[in-house]
Asks: 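Structure provided below as structure tokens; questions to follow.
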Amino acid sequence: MEIKVAKHAGFCFGVKKAIEIAEEVAQKNKEKTYVYGQLVHNEQVIKNLEGKGIIFAESINEIPENAVTVLRAHGEPGTTYQLLGQKSITKGNNLNDATCPLVTLVHNVAIKLKNSGYEVILFGKRDHPEAIGTSYHLKGKGTFIVEEPEQSDLAVDYITKNNFGKVAVISQTTMSVYGYKKLIDNINKALAGKFAEIPLSMKNLDIKYGYVDTICNPTKQRQSGTEEIAKESDIVIVIGGKNSSNSKELYAKCKELGVESHFIQSGHQLQKEWFKGKEKIGVTAGASTPDYLINEVVEKIREMTSSVIP
Ligand code: SF4
């Protein structure tokens, strides 16, 4: 019996940085430190930070005037900065922005496309904070969002009915690479004009239909590492927060490849019978899963399988 952890499983640099910022700020600050929203989508990480005295506020109303505040990795709409500003919480003063630079890059791409006359469609999860933050730079709540490649007909309808002069598709950083490709392929099959790739450098903004590959590299690496392990395992355990978009994509990928897979948040959810008769066990984890959690799960599997009936 072999247990193998997928390449690149666990924390990405954006999540690591956000946690470092929150910890550093809380350590220096003698008053209470607030984080607006879930800093990263992992319940255990949040619990640990709460243990260090950090307060997580779900609404800006819960943050007091002048409070030292940290913004999560997923990026915020401009309204968040305005509302915090009204409470005298501002950048360079008491506001610490942990937005991942790769999310800021997507915001900049959205702004540039919009300013170049494109109607921008977002491939993402409507309620995800990143999609909300990116939409702010487009049409706010009116931004056209496609959540699944199977919804391509809705996008095609939207494009043809409105007869837009220029259309571009961008993606949330944590979506499925294959899903995005499938969406563009589906749209291209239905439309006479073909969507061509616009490079991230934003050169070639004259084309009528385009898409920009804004899925971040750490997400791509986690997806390919998971695919690799799913192909060679009898069972895959995916560790990630319940709200973690990139972890859910890893789980979906394993299921799509037909391998028995289980999505868990901690080792306590493992069940001994899952491993009965299994020779090759794969473990993977989303970008917001800490190493200690991966190690804990591997250890638990080892314990369980040493006493499991073959
Ligand atoms: S998943 Fe990508 S965009 Fe999100 S925090 Fe990590 S590196 Fe940044």
Side-chain angles (χ1 to χ4, degrees), residues 8 102-103 105-110 112-114 116-128 130-131 134-135 138-139 143-231 238 245-259 261 284 286-287:
H8 305 290
L102 298 184
V103 173
L105 181 80
V106 182
H107 290 184
N108 292 338
V109 166
K112 182 93 194 212
L113 290 169
K114 188 184 168 192
S116 305
Y118 283 96
E119 170 66 25
V120 183
I121 291 176
L122 175 62
F123 178 48
K125 300 292 175 191
R126 200 173 300 281
D127 297 328
H128 193 279
E130 186 188 321
T134 303
S135 299
L138 298 167
K139 286 181 162 177
T143 303
F144 195 86
I145 299 179
V146 187
E147 296 197 321
E148 309 286 341
E150 290 71 28
Q151 292 174 348
S152 59
D153 50 337
L154 299 177
V156 170
D157 256 22
Y158 183 65
I159 296 165
T160 43
K161 274 189 190 141
N162 288 287
N163 202 20
F164 297 116
K166 285 163 98 182
V167 183
V169 186
I170 60 172
S171 171
Q172 190 178 311
T173 54
T174 50
M175 296 298 276
S176 150
V177 172
Y178 289 103
Y180 194 27
K181 190 184 173 302
K182 202 166 156 194
L183 173 72
I184 300 297
D185 285 350
N186 287 351
I187 294 176
N188 276 344
K189 264 182 219 148
L191 283 180
K194 293 281 180 220
F195 273 73
E197 184 165 1
I198 300 172
L200 262 177
S201 61
M202 297 280 95
K203 282 183 188 140
N204 194 10
L205 291 178
D206 297 328
I207 58 169
K208 196 174 172 209
Y209 294 139
Y211 70 95
V212 189
D213 179 4
T214 48
I215 296 175
C216 73
N217 260 336
T219 291
K220 288 177 184 165
Q221 288 170 330
R222 275 148 195 77
Q223 286 177 12
S224 59
T226 298
E227 183 169 347
E228 209 175 288
I229 207 123
K231 283 181 179 162
V238 184
S245 166
N246 75 87
S247 305
K248 284 191 258 184
E249 289 297 347
L250 299 183
Y251 178 51
K253 168 60 47 190
C254 293
K255 291 217 299 195
E256 194 186 302
L257 290 168
V259 62
S261 33
T284 189

Asks: With side chain to side chain contact (heavy atoms under 4.5 Å, CB included) as the test, would you mind laying out the steps for Glu147 and Arg126 before giving the verdict?
Replies: CA-CA 7 Å; Glu147 296 197 321; Arg126 200 173 300 281; 3.1 Å; yes

Asks: What closest approach, in Å, do Tyr211 and Ile184 show between heavy atoms, and which atom pair accounts for it?
Replies: CB-CD1, 3.6 Å

Asks: Val146 vs Val169, test: side chain to side chain contact (heavy atoms under 4.5 Å, CB included). Steps then yes/no.
Replies: CA-CA 10 Å; Val146 187; Val169 186; over 6 Å; no

Asks: For the side chain of Lys125 and the backbone of Gln172, is there at least one donor-acceptor N/O pair under 3.5 Å apart?
Replies: no

Asks: With a 4.5 Å heavy-atom cut-off, do Leu257 and Glu227 have their side chains touching?
Replies: yes

Asks: Flag the pair Lys253 / Gln223 as yes when at least one side-chain heavy-atom distance between them is below 4.5 Å, and no otherwise.
Replies: no

Asks: Please identify each residue that fulfils salt bridge (Lys or Arg N to Asp or Glu O under 4.0 Å) with Lys255, with sequence neighbours left out.
Replies: none

Asks: Any salt bridge (Lys or Arg N to Asp or Glu O under 4.0 Å) involving residues 181-191? Give me the pairs, sequence neighbours left out, ordered by first then second residue.
Replies: Glu150-Lys182, Lys181-Asp185

Asks: Just so I know, are the side chains of Lys112 and Leu205 near enough to count as touching, which here means a heavy-atom distance under 4.5 Å?
Replies: yes

Asks: Give a yes or no answer on whether the side chain of Thr214 reaches the backbone of Ser171 with a donor-acceptor pair at less than 3.5 Å.
Replies: yes

Asks: Quick one: do Glu119 and Lys139 make a salt bridge, cutoff under 4.0 Å?
Replies: yes

Asks: What verdict does the side chain to side chain contact (heavy atoms under 4.5 Å, CB included) test give for Val212 and Glu197, after you've listed the backbone C-alpha separation in whole Å, the side-chain angles of each residue and the deciding distance to 0.1 Å?
Replies: CA-CA 6 Å; Val212 189; Glu197 184 165 1; over 6 Å; no

Asks: Among Leu113, Val109, Asp213, Ile170, find the residue that satisfies the side chain to side chain contact (heavy atoms under 4.5 Å, CB included) test when tested with Ile198.
Replies: Leu113

Asks: Ignoring hydrogens and angles, tell me if any N or O in the side chain of Asn188 forms a donor-acceptor pair with the backbone of Lys194 under 3.5 Å.
Replies: no

Asks: Centre-to-centre under 6.0 Å for Phe164 and Tyr158, is that the case here?
Replies: yes

Asks: Could you go step by step and tell me if Ile187 and Tyr209 meet the side chain to side chain contact (heavy atoms under 4.5 Å, CB included) rule?
Replies: CA-CA 11 Å; Ile187 294 176; Tyr209 294 139; over 6 Å; no

Asks: When you check the side-chain N and O atoms of Glu130 and Thr174, is any donor under 3.5 Å from an acceptor?
Replies: no

Asks: Any side-chain heavy-atom pair from Asn162 and Val167 closer than 4.5 angstrom?
Replies: no

